Structure formats: structure tokens, C-alpha cells
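Everything on this sheet refers to the single structure shown next.
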Amino acid sequence: MIIRHAKGVTSKQGRTGWPEGTFEDEHGRDGFAGEASMLYRAHPPTRWTRIDGNLKPRAIDSTAVEPTDRTDPGGVPSRLLYNEDVHLYVSRRRAPMSYYMRNADGDEIHFVHEGVGTIETDYGPLTYETGDYVVLPKGTNYRVVPDSPDNFFLIIESRKGPTGFPERGMLGQHVPFDFALLQCPDPQPILDEGSEYEVRIKRADEWTSVYYDFCPLDAVGWTGNLCPYKLNVRDLRAPYSERTHLPPSTYATFQCPGFWVVTFQPKPFETAPDAERVPAYHRNVDYDEVVFTHSGRLMSRAEDQGAATMTLHPAGIHHGPNPRAFEGAKKADRMDAFLVNVDAEKPLKWTEAFADAEDPNYWATFSDQLVPIAP
Ligand SMILES: [Fe+2]
């Protein structure tokens, strides 16, 4: 439907000047890109008193997750959330991998929340540091070799197809980052022989080990357009408007079949007096939303949630600002935060590792009427 209607009490434009005493609720399709209406409600739609059923906001402290790779060089990351398009894992490796990994289920996007080191690959080594996205195409042989004692990766596995970039259209070639930033490796073959080298292949989530008496990272050169690469979130340059709150889709970093990866990044708050600084309430019916806090706090929260908090806001049920976030955003000049957001089209399921780390009261933090939170 192209024609836009305005009935009853509304603002003149969405995202600006909510009528006194109302709460703006965006009812939209296709994330923030499709047809949408703004509803001006007398109450925040997150002011629930009870939720019966699985469709509720969830949060975990992912530092409570203990993947086997934390203590065992032969260990693996912990899977937390998954559907047929995307799986999310946490890796906390302290020592170099004792094997070479080949993922035949999908691409891996490693977001480095903490740590420095090297990922050795068929194509050559890529060093990593905090804030890097390292993309390893499906089928790449690799080995993580940390230099720091503590390493924390959020791993996003794309199961239905390759990692790509969102269409930029009118944003042009340099927003939200210049493709010239992408760094890919130079060959650096490891020509060791004589020991036993294991390549562990994952296909349909089952493992097969293949053994060699030479290092499998022995490529002396490569040519083509499929390779590992990295970029760091500090180099991202999201669009900004003084006069309106832009939706997160404008700073999407990767697009894969069935999901998007969006990087929330530091930005000044809107300065136009009638521009809303916090997101509208929304029920986002076409995506389950996962947000991993790398640093800082999202503008819709009243308190810091802590680094490495991971939230799941399922499609269909509302989320949006804590009531006190409105006041907080009025007093602040900027949002100084980096957060990794994965929006998945199909419903995400959670694992036992996720359930074990869950905060049972997160759903209630949206309503200060239920849970008093210290000022
Ligand atoms: Fe959202």
C-alpha cells in the first residue's frame, strides 16, 4: 500500500514529536525497510504484568558460558542460538588450537570481543585484535593461535550461503565503510613435515578428522575472489542525521541468506528538538533480534547491561525503551557503544548452554513498575 493515512492523534512525521502522553509503536514489515505504521499508544506496550509462553525477551551473561575450547586446546566453541540459516557460538580459547578446522556447514564470521593473536589459514595468516570481524569462507582450513591469555569470540555461522554486503544504493560506496578497508592474507605456507596434523571437518554438525604428515596450510600462492578477510569496527562510519533517528538497517555490515549482521556504533544523539533519540517500541514481526554488547550501552536501556551480555528479542513480542531511558537520552550527548546485532528471519532456538546462563528476570526489566532498579 503506497497511500499513507493519518487517523486520530498522531505526530506530523514518524520518529518526531510524539503527542504528549503517548508512546510511539512502530508496526512494520521487513525490519525497518517495509510498510509501516506508527501507533500512538497511551501505555508502553512493554508494560506487561506477566508473560506465559516462550515468546519473551531473554538475556544471558555470555561470560558465564564455558566452551570446552577455554580449557582444552582440542576443545570447540559453545553453540547458544540457532536456526536453519544461522548458528551463534561463543569461543574463549586460551591456547593455540591443537587441530586445523574446516567448516563444511557454512561461512564463519568471528567477532573478536576480546583478545589478540593470529588466525592461520590456507590463504595465509590474519592477525586479529579486539573489535575485528574476521570472515572465514566455508571450507577454509584455519587454526586460531592466541597471543593473549583471554580471548572471547562471538562466532556467527552462515549455513545457507556466503557472507555478503547489503545493497548501498543512495548511500554510495564509502558508507557504512569503504570496501578498501577489507584486509585479506598474503600466502605464508607452513612447510613443516614429520609430525601428525589433524584437519577436523564439520559437516551437518558431525565431525570427521583427516590426518597428514605435513602441515595442511602449505599453499604457496592463491588467486581468485574467495578468501578470508577482516575489518575492525573502529573503522565503520554509519550514516547520521541531526534531525531524525535512523533505523539500524542503515548501518548493516553483512547480509547473509536468512539474516543480517548490524553493528551499532558510537554516534551523537539527534539535536533537532522534536527528534526522538530512542527507538520506537516495535514488535519486529519479520526478524528475531539478537544483540551482543561489545562495549557501552544501547540508547534504549536505562542501565549498563555489562559487556558480553547477549539478548534475544523474538519476533512478535514488543521491545523498546525502558521508561527511564527517555530521560537518560535527553541528558546525554552521545551513545558511546559498540554492539553486534544479528537479525534472523526464522525463529531462533536456544541451547542448554544459553538456558543455563539466562537472567530469569530480564523480561521484567522493560517495565519499572515490576522490578525496582537502583537509580
Ligand atoms: Fe529491535
Side-chain angles (χ1 to χ4, degrees), residues 14-16 28 30-34 86 107-113 119 121 123-124 126-137 154 156 158 161-186 222-272 275-277 279 287 289-296 298-299 332-343:
R15 309 303 297 123
T16 58
D30 196 17
F32 297 101
V86 58
D107 282 12
E108 293 180 11
I109 304 170
H110 290 225
F111 175 71
V112 181
H113 172 60
I119 303 182
T121 80
Y123 294 77
L126 278 172
T127 59
Y128 68 80
E129 61 177 314
T130 299
D132 276 346
Y133 283 114
V134 182
V135 177
L136 298 160
L154 171 70
I156 303 161
S158 176
T163 306
F165 303 103
E167 205 47 60
R168 296 186 172 190
M170 287 185 287
L171 288 175
Q173 287 300 306
H174 308 107
V175 176
F177 64 87
D178 188 327
F179 287 118
L181 281 175
L182 302 179
Q183 290 180 50
C184 56
D186 293 314
W222 63 270
T223 175
N225 58 5
L226 180 70
C227 67
Y229 59 86
K230 69 170 183 176
L231 78 162
N232 195 283
V233 294
R234 68 168 168 262
D235 293 323
L236 299 177
R237 292 168 197 274
Y240 165 73
S241 165
E242 287 187 358
R243 296 179 53 74
T244 192
H245 186 92
L246 295 175
S249 40
T250 56
Y251 33 96
T253 309
F254 301 108
Q255 186 179 8
C256 303
F259 72 98
W260 298 68
V261 180
V262 176
T263 313
F264 290 85
Q265 54 204 269
K267 61 163 206 157
F269 278 129
E270 296 72 15
T271 52
E276 296 300 340
R277 292 179 159 199
Y287 291 96
E289 298 184 19
V290 178
V291 175
F292 176 85
T293 300
H294 176 50
S295 62
L298 205 56
M299 69 290 258
D333 296 326
R334 311 175 43 79
M335 179 187 81
D336 275 316
F338 280 106
L339 303 102
V340 177
N341 164 215
V342 177
D343 280 356

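Keep in mind the model is a prediction, meaning the values are calculated, not measured. Residue numbers run from 1 in the order of the sequence given.
- To the nearest 0.5 Å, atom CG of residue Leu181 and atom CG of residue Asp235 are 5.0 Å apart.
- Two residues are said to be in side-chain contact when any heavy atoms from C-beta on lie closer than 4.5 Å; Pro239 and Leu171 meet this criterion.
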Legend entry - Derivation of the ring pair (Phe, Tyr, Trp, His ring centres under 6.0 Å) call for His294 and Phe111: CA-CA 9 Å; His294 176 50; Phe111 175 71; 4.9 Å; yes
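- Under the side chain to side chain donor-acceptor pair (under 3.5 Å) criterion, Thr16 pairs with no residue, sequence neighbours left out.
- Contacts of Tyr133 classified as side chain to side chain donor-acceptor pair (under 3.5 Å), with partners at least two apart in sequence or in another chain: Thr263.
- Under the 4.5 Å side-chain criterion, counting only non-hydrogen atoms from C-beta, Val340 is in contact with Val261.
- Arg277 places a side-chain N or O within donor-acceptor distance of the main-chain N or O of Ala332, the cut-off being under 3.5 Å.
- Nearest heavy-atom pair across Glu270 and Leu246 is OE2-N, 4.4 Å.
- Residues satisfying the side-chain contact (heavy atoms from CB on, under 4.5 Å) criterion with Tyr240, sequence neighbours excluded, are Glu242, Pro268, Thr271.
- Leu231 has its side chain out of reach of Gln183: every pair of non-hydrogen atoms, C-beta onward, lies at least 4.5 Å apart.
- Leu126 and Cys184 get closest at one heavy-atom pair: CD2-C, 4.1 Å.
- Put simply, the side chain of Asn341 gets close to the backbone of Val290: a donor and an acceptor are under 3.5 Å apart.
- Nearest heavy atoms, Pro257 versus Ser158: CD-OG, 4.1 Å.
- Remark: Arg334 pairs with Asp336 by the side chain to side chain donor-acceptor pair (under 3.5 Å) rule, at least two apart or across chains.
- A 4.5 Å side-chain heavy-atom check between Thr121 and Pro185 finds at least one atom pair inside the cut-off.
- At a threshold of 4.5 Å between non-hydrogen side-chain atoms, the residues Pro176 and Leu236 do not count as touching.
- Geometrically, Arg168 engages Phe179 in a cation-pi contact defined by less than 6.0 Å to the ring centre and at most 45° from the axis.
- Within the 3.5 Å criterion, the main-chain N or O of Ala180 finds a donor-acceptor partner in the side chain of Asp178.
- Scored by the side chain to side chain donor-acceptor pair (under 3.5 Å) test, Tyr128 finds Asn151 as partners (sequence neighbours excluded).
- One finds the CZ atom of Phe292 at 14.5 Å from the CZ atom of Phe264 (value rounded to the nearest 0.5 Å).
- When every heavy atom of Phe165 is checked against every heavy atom of Thr253, the shortest pair comes out as CD2-O, 3.5 Å.
- Note that NZ of Lys267 and NE2 of His245 are 4.5 Å apart. Values are rounded to the nearest 0.5 Å.
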Inset, instruction - Begin with the C-alpha distance, continue with both residues' side-chain angles, and end with the deciding distance and a verdict on side-chain contact (heavy atoms from CB on, under 4.5 Å) for Asp333 and Phe269. - result: CA-CA 6 Å; Asp333 296 326; Phe269 278 129; 5.8 Å; no
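- Take Arg234 and apply the side-chain contact (heavy atoms from CB on, under 4.5 Å) test, not counting sequence neighbours, and it matches Glu129, Asn232.
- For the atom pair CD (Gln255) and CD (Glu167), the distance works out to 8.5 Å, reported to the nearest 0.5 Å.
- Heavy atoms only, all atoms of each residue included: Met335 and Gln265 are closest at CE-O, 3.5 Å.
- Counting heavy atoms from C-beta outward, Ile156 and His110 have side chains that stay 4.5 Å or more apart.
- Scanning both residues, Trp260 and Ala252, for their nearest heavy atoms gives CE3-CB, 3.6 Å.
- With a 4.5 Å cut-off on side-chain heavy atoms, Phe177 and Val175 do not count as touching.
- To the nearest 0.5 Å, the span separating OH on Tyr287 from OG on Ser249 amounts to 9.0 Å.
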Legend entry - Thr130/Phe338 under side-chain contact (heavy atoms from CB on, under 4.5 Å): CA gap, chis, key distance, verdict: CA-CA 12 Å; Thr130 299; Phe338 280 106; over 6 Å; no
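- Separation of atoms OG1 (Thr293) and CG (Leu298) is listed at 7.5 Å; rounding is to 0.5 Å.
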